Amino acid sequence: MSERMIIPFGPQHPVLPEPIHLSLVLENEKVVDVLPSIGFVHRGLEKLVEKKDFLEYTFVAERICGICSYMHGMGYCQAIENIMNIEIPGRASFLRVIGAEFSRIHSHLLWLGLCADAFGFESLFMHTWKLREQILDLMEEMTGGRVIFSSVKIGGVKKDVDDSLLSKINDVLLELEPQVKEISSVFLESITVRHRLEGVGVLTQDEAVSLGAVGPMLRASGINQDMRKLGYAAYAELDFEPIIDTEGDSMARCRVRIKEIFQSMDLIRQAVAKLPQGPIAAPFKGNPDGEYFSRLEQPRGEVIYYVKGNGTKFLDRMRVRTPTFANLPALIKVLKGCDLADVPILILTIDPCISCTER
Amino acid sequence: MSFFKKSPWLIHYDGSSCNGCDIEVLACLTPVYDIERFGIINTGNPKHADIFLITGAVNEQNKEVILNIYSQMPDPKVVIAVGACASSGGICAEGYNILGGVDKLIPVDVYVPGCAARPEAIIDGVVKGLEVLENKYRNKNKKK
Amino acid sequence: MLEKQITEEIEIDKLFSRCAELKFCGYRLVQIGCTRTVSGVEINYSFDNNFQFLNLRISCEKDQTVPSIQSVYECAFIYENEIAELFGITITDMKINFNGLLYKAAVSTPFGETAAETKAVR
């Protein structure tokens, strides 16, 4: 009874809000091969640089993905700033750190919720998303948007934060921290959750490196690599250590993300405490001429922005390599040999962002 | 506001959205906004659904999928285009792979503005959709 | 704040051996990206080793082929297929080959024309 059959997964699937199609080759209940086909969300945003000038493109860059939109804008602006030698003011770089870390918390909470949904723990999903709303409210107060912010601009940020908001940020985080602790104990200790996550989809250290995994996927397999250590924005002045885990299974990825939520809270507190006074944007003129690879750590891992300008308003090339794109080979690896029933949860453990991947 | 007695179920499909509208649609279903208290349930099965929520523009690949879901839904049905991309193509309208808004493909009853559409706007859109659904039911019964 | 980024321009036939060297030195493949030039494309192979960023650059005329580096870096398949599909570059000896079915975009090779051709259209 080892006849092979192919089961199509997606593009419209209840587990994932986003469309991805996988052809799963099964031998009884075991997945033996996976053929991904992407392109359902392919919009051709990289080619839009020919139609929108480099200032307008900031808005397009933010819309590559609605979850890490803050950091997409930041990555693009950093690349342009480096080409044009714009020194952004200290206050702006600290505000960028606060915005980016808020994005990380909201993205990780979103993932935790979807993950709970994937193994059928509906109430945990609802609870996690309820906590996430508090972060979104703060983001809205800080930037004016809930998911798409258009807050980062070339040279700095658009909106300043006053003292009352800063103290509110501290208050909300103080309130949120025990609540997140409470739900994270469910993820880490509950037998139901552990049963679904422990030992599922193990990615060894060597495999993670050779398959080019990034972000929590790589760190959960014991590699210490976090692009924030490059010290972009104001990260060089903040005190933190990348979070790593050694098990390499789905539980380890979950642990890394949960710990990163608390790390982000800590980073926001540090940034709020050290926030310098001064302007929030540096003036500039001219057009970018040159090229630069800007690297950032997004919630899903390392993102690369390559921008090449030619001295006119229109860029020659804007390329973005997003973390999910780099994690696809690792996903295919962990899916091979798993049970059919574990497929949804394994797809979720890489924290897929399909709209990033396909642009 | 309508006086529709039945609770509609909705199906959500992400066309080529950037996730912004998608997570807002999901946020509508979770606490704080919680449209489930009106009996509205997000289902994964097109044959159970009355309302079709689409986020993001139509492109060459998902054309078939959208038509497929739409044709499987029982009549009468309502289509709601959520966000700027679903309404007109939005910021990516000029992309080479984009056909345009959802109305290029199937008739749309309600357009929800915004980039990304706010949960309040989405709920408003769904309520508007209920009215349309109610009218469609009336017309259908009249014909009988 | 500026990160030091080294770009090495190399010949196409040196690409494979240089990649093997980098792999031996512990570099990981960060990305492969393609940019159109006046008469063809340039392809950037970016590597990183403990925050040292290194970039190999090959330039490729319109009818030239590029060797696959999948046998050195397994994960290169996704980038190589992307380049082959969007730019219409022929990459030889690909172990995993989607044959242009990765994106299935409405336009075949949307980035196919060279920069000179685009200017002529404008």
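In what follows, every chain begins at residue 1, and chains take the letters A, B, ... in the order their sequences are listed. The model shown is predicted, which means the values in this text are computed figures rather than measured ones. Values below: all heavy atoms of this structure, side chains included; hydrogens, waters and symmetry mates excluded.
For chain A, the option among C/Thr7, C/Asn50, C/Asn44 with the highest count of heavy-atom pairs below 4.5 Å is C/Asn44. Most heavy-atom pairs under 4.5 Å with chain C: of the set A/Lys229, A/Glu46, A/Glu291, this distinction falls to A/Glu291. Ranked by non-hydrogen atom pairs under 4.5 Å with chain A, the options C/Val30, C/Leu29, C/Ile32 are led by C/Val30. Each of C/Ala76, C/Ser46, C/Cys75 has some count of heavy-atom pairs under 4.5 Å with chain A, and the biggest count is that of C/Cys75.
Using a 4.5 Å cut-off between heavy atoms, C/Asn55 touches chain A through its side chain atoms alone. Both the backbone and the side chain of A/Leu211 come within contact range of chain C, each with at least one heavy atom under 4.5 Å from a heavy atom of that chain. Looking at A/Asp226, the atoms closer than 4.5 Å to chain C (heavy atoms on both sides) all sit in the backbone: N, CA, C or O. For A/Leu35, no part sits under 4.5 Å from any heavy atom of chain C, backbone or side chain. For A/Ala326, the parts sitting under 4.5 Å from any heavy atom of chain C are the backbone and the side chain alike.
The line from CZ of C/Phe53 to CG of A/Leu230 is 10.0 Å long, rounded to the nearest 0.5 Å. Atom CZ of residue C/Phe51 and atom CE of residue A/Met227 lie 5.0 Å apart, to the nearest 0.5 angstrom. Rounding to the nearest 0.5 Å places CD1 of C/Ile78 at 10.5 Å from CG of A/Asn327.
The number of heavy atoms from other shown groups lying within 6.0 Å of NZ (A/Lys313) does not exceed 12.
Within the 4.5 Å cutoff, the side chain of C/Phe77 has heavy atoms near those of the A/Ile332 side chain.
Classification of C/Glu82 and A/Arg319 as a salt-bridged pair holds, one side-chain N sitting under 4.0 Å from a carboxylate O. In summary, C/Glu42 and A/Arg317 do not engage in a salt bridge, as defined by a charged side-chain N under 4.0 Å from a carboxylate O.
By the side chain to side chain donor-acceptor pair (under 3.5 Å) test, A/Glu297 pairs with A/Arg219, sequence neighbours left out.
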Let me check something: any side-chain donor-acceptor pairs from residues 20-27 of chain C under 3.5 Å, sequence neighbours excluded? List them with distances.
residue: C/Glu21; atom: OE1; partner: C/Arg18; partner atom: NH1; Å: 2.9
residue: C/Lys23; atom: NZ; partner: C/Val72; partner atom: O; Å: 3.4

* Could you walk me through whether A/Ile223 and C/Arg28 pass the side chain to side chain contact (heavy atoms under 4.5 Å, CB included) check? -> CA-CA 12 Å; A/Ile223 310 282; C/Arg28 75 188 166 91; over 6 Å; no
